[in-house]
Amino acid sequence: MPELPEVETTRRGIEPHIRDAEIAEVVVRQPRLRWPVPEEISSVLPGLVVERVERRAKYLLLYTPAGVLIIHLGMSGSLRIVKTGESPAKHDHVDILFRGGQVLRYTDPRRFGAVLWQPESIVGHPLLKNLGPEPLSEDFDGERLFACSRQKKQPVKTFIMDNHVVVGVGNIYANEALFEAGVDPRKAAGRISRQRYLRLAEIIKRVLARAIEQGGATLKDFVGGDGKPGYFQQQLQVYGRGGEKCRGCQKILKEVKIGQRATVFCSQCQR
DNA sequence: AAATCTCCCTGTAGGC
DNA sequence: TGCCTACAGGGAGATT
């Protein structure tokens with residue numbers, strides 16, 4: 001499941017290949033994603049130049065003079081640059097062909113992702129307008145976590161995964177950040193001190209920034225490769241390690257469900 | 001308003 | 001080996 005670091009790594013991987021390039025053709029093989037892929041993209045996109053590729057939360061935004069192509073990778077999606085003529089595999093649902101020969105290929109076995117077209121401006125777009133701040137921006141800090149959490153009884157893990165509070169903190173990094181911050185994921189958000197939120201916010205930033213750096217360092221081949229940045233599993237402290245020993249105190253890590261999501265933590269190190 | 005539930009989909013894992 | 005079932009998970013939208 002692409003988390004924010006993987007989406008950002010994808011953005012950095014594809015942008016050099018499609019920036020300032022003119023779209024020649026769009027091929028939609030499977031329009032049934034999370035929402036139907038709009039038919040109009042096949043007729044509207046050709047002739048348009050991709051001016052830049054941005055990321056907002058886990059959405060990738062391909063800006064053209066006529067509108068914005070919005071792409072979400074869901075939990076199994078990926079984007080990569082392939083060569084013209086490379087035959088599509090089973091789950092290669094959308095190709096965007098550029099004049100010059102590059103092909104941006106969208107792959108998504110589980111089809112939880114999305115490819116949408118927003119003519120003109122995306123300002124006020126329903127999918128984007130209620131999103132909280134970017135975790136790596138100055139708009140996100142511990143003061144905000146503290147302020148937003150007052151009176152909230154929901155578990156702190158659910159709270160930091162709420163896109164209204166801060167975007168891009170998915171299940172993996174929520175688990176990791178809470179472990180590093182020494183915060184029990186089950187604890188009510190409203191019962192955590194300002195001091196601890198200041199620390200938690202800094203750790204969220206650090207964990208995400210480090211993952212992006214490593215995504216960059218180990219950038220998989222976006223040209224002709226699999227286009228998947230990978231998850232750097234070897235350095236995950238808790239995610240996927242339920243039942244194994246805590247790397248800090250050797251106690252057995254607990255695994256529970258919080259908000260229908262797998263949650264792993266150390267009852268000794270996280271209070 | 002806040003919290004919880006449902007649903008979309010298919011690869012993978014586990015049971016037999 | 002193969003069949004069957006359960007499950008995971010982002011996140012919008014519905015429901016409580």
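Since the structure is predicted, the reported quantities are computational estimates derived from the model, not experimental observations. In what follows, every chain begins at residue 1, and chains take the letters A, B, ... in the order their sequences are listed.
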Requested in this report: Please state whether the phosphate of C:dG11, meaning OP1 or OP2, lies under 4.0 angstrom from any side-chain nitrogen or oxygen of A:H72.
Outcome: yes

Requested in this report: Whole angstrom is fine here: how far is it from NE2 in A:H164 over to C1' in C:dG13?
Outcome: 11 Å

Report task. Report, as a single string ordered 5' to 3', how protein heavy atoms within less than 4.0 Å touch nucleotides 2-8 of chain C: B base, S sugar-phosphate only, - not at all. Result -> ------B

Query raised in the report: Is the NZ or CZ atom of A:R52 both under 6.0 Å from the centre of the six-membered ring of A:Y63 and within 45° of that ring's axis?
Result: yes

Query raised in the report: Counting only side-chain N and O atoms of A:H91, is one of them less than 4.0 Å from OP1 or OP2 of B:dC9?
Result: no

Requested in this report: Check whether the side chains of A:D108 and A:Y106 place a donor and an acceptor atom closer than 3.5 Å, and report yes or no.
Outcome: yes

Query raised in the report: Looking only at side chains, do A:T263 and A:K157 share a donor and an acceptor under 3.5 Å apart?
Result: yes

Query - From C:dA12, B:dG11, B:dC9, nucleotide with atom closest to A:R111 side chain - result: B:dC9

Query raised in the report: CH2 of A:W35 versus C1' of B:dC9: gap in Å, rounded?
Result: 14 Å

Query raised in the report: Are any of A:R34's side-chain N or O atoms less than 4.0 Å away from OP1 or OP2 of C:dG11?
Result: no

Requested in this report: Please determine if a side-chain N or O atom of A:Y59 lies less than 4.0 Å away from the OP1 or OP2 oxygen of C:dA12.
Outcome: yes

Requested in this report: Round to the nearest Å and state the distance from A:N130 atom CG to C:dG13 atom C1'.
Outcome: 13 Å

Requested in this report: Please say whether more than 12 non-hydrogen atoms of neighbouring residues, nucleotides or ligands are located less than 6.0 Å from CZ in A:R206.
Outcome: yes

**Report entry** Check ion pair A:R271-A:D184 (N to O, under 4.0 angstrom)
**Finding:** no

Query raised in the report: Given atom CG of A:D162 and atom C1' of C:dG11, what is their separation to the nearest angstrom?
Result: 11 Å

Query raised in the report: Reckon A:R32 touches a base, only the sugar-phosphate, or nothing at all at heavy-atom distances under 4.0 Å?
Result: sugar-phosphate

Query - Side-chain N,O (A:K58) to OP1/OP2 (C:dG11) below 4.0 Å - result: yes

Query raised in the report: Counting any heavy atom closer than 4.0 Å, what does A:L33 reach on the DNA or RNA strands: base, sugar-phosphate only, or nothing?
Result: nothing

Requested in this report: Check the distance between B:dC8's C1' and A:H93's NE2 and give it to me in whole angstrom.
Outcome: 13 Å

Report summary line: Here the distance between atom P of C:dG11 and atom CZ of A:F159, to the nearest Å, is 17 Å

Query raised in the report: How close or far is atom C1' of C:dG11 from atom OH of A:Y173, stated in whole angstroms?
Result: 18 Å

Report summary line: If each end axis of the helix from B:dA2-C:dT16 to B:dC16-C:dG2 is fitted on five C1' pair positions, the angle between them, to 10 degrees, is 50°

Requested in this report: Output yes when A:R210 and A:E213 qualify as a salt bridge under the 4.0 Å nitrogen-oxygen rule, no when they do not.
Outcome: no

Requested in this report: Please examine the side chains of A:L61 and A:I122, heavy atoms only from C-beta on, and report whether any two atoms are closer than 4.5 Å.
Outcome: yes

Report task. State whether A:E54 and A:R11 are salt-bridged, where the test is any N-O pair (Lys NZ or Arg NE/NH1/NH2 against Asp/Glu carboxylate O) under 4.0 Å. Result -> no

Report task. State whether A:E255 and A:R241 are salt-bridged, where the test is any N-O pair (Lys NZ or Arg NE/NH1/NH2 against Asp/Glu carboxylate O) under 4.0 Å. Result -> no

Report task. Using whole Å, report how far CG of A:L73 lies from C1' of C:dG9. Result -> 14 Å

Report summary line: Assert: residue with more 5' nearest nucleotide on DNA chain B, out of A:T158 and A:D108, is A:T158

Query raised in the report: Which residue lies toward the 5' end of DNA chain B, A:K152 or A:R261, if each is placed at its nearest nucleotide?
Result: A:K152

Report task. Flag the pair A:D141 and A:K205 as a salt bridge only when some basic side-chain nitrogen lies within less than 4.0 angstrom of an acidic carboxylate oxygen. Result -> no

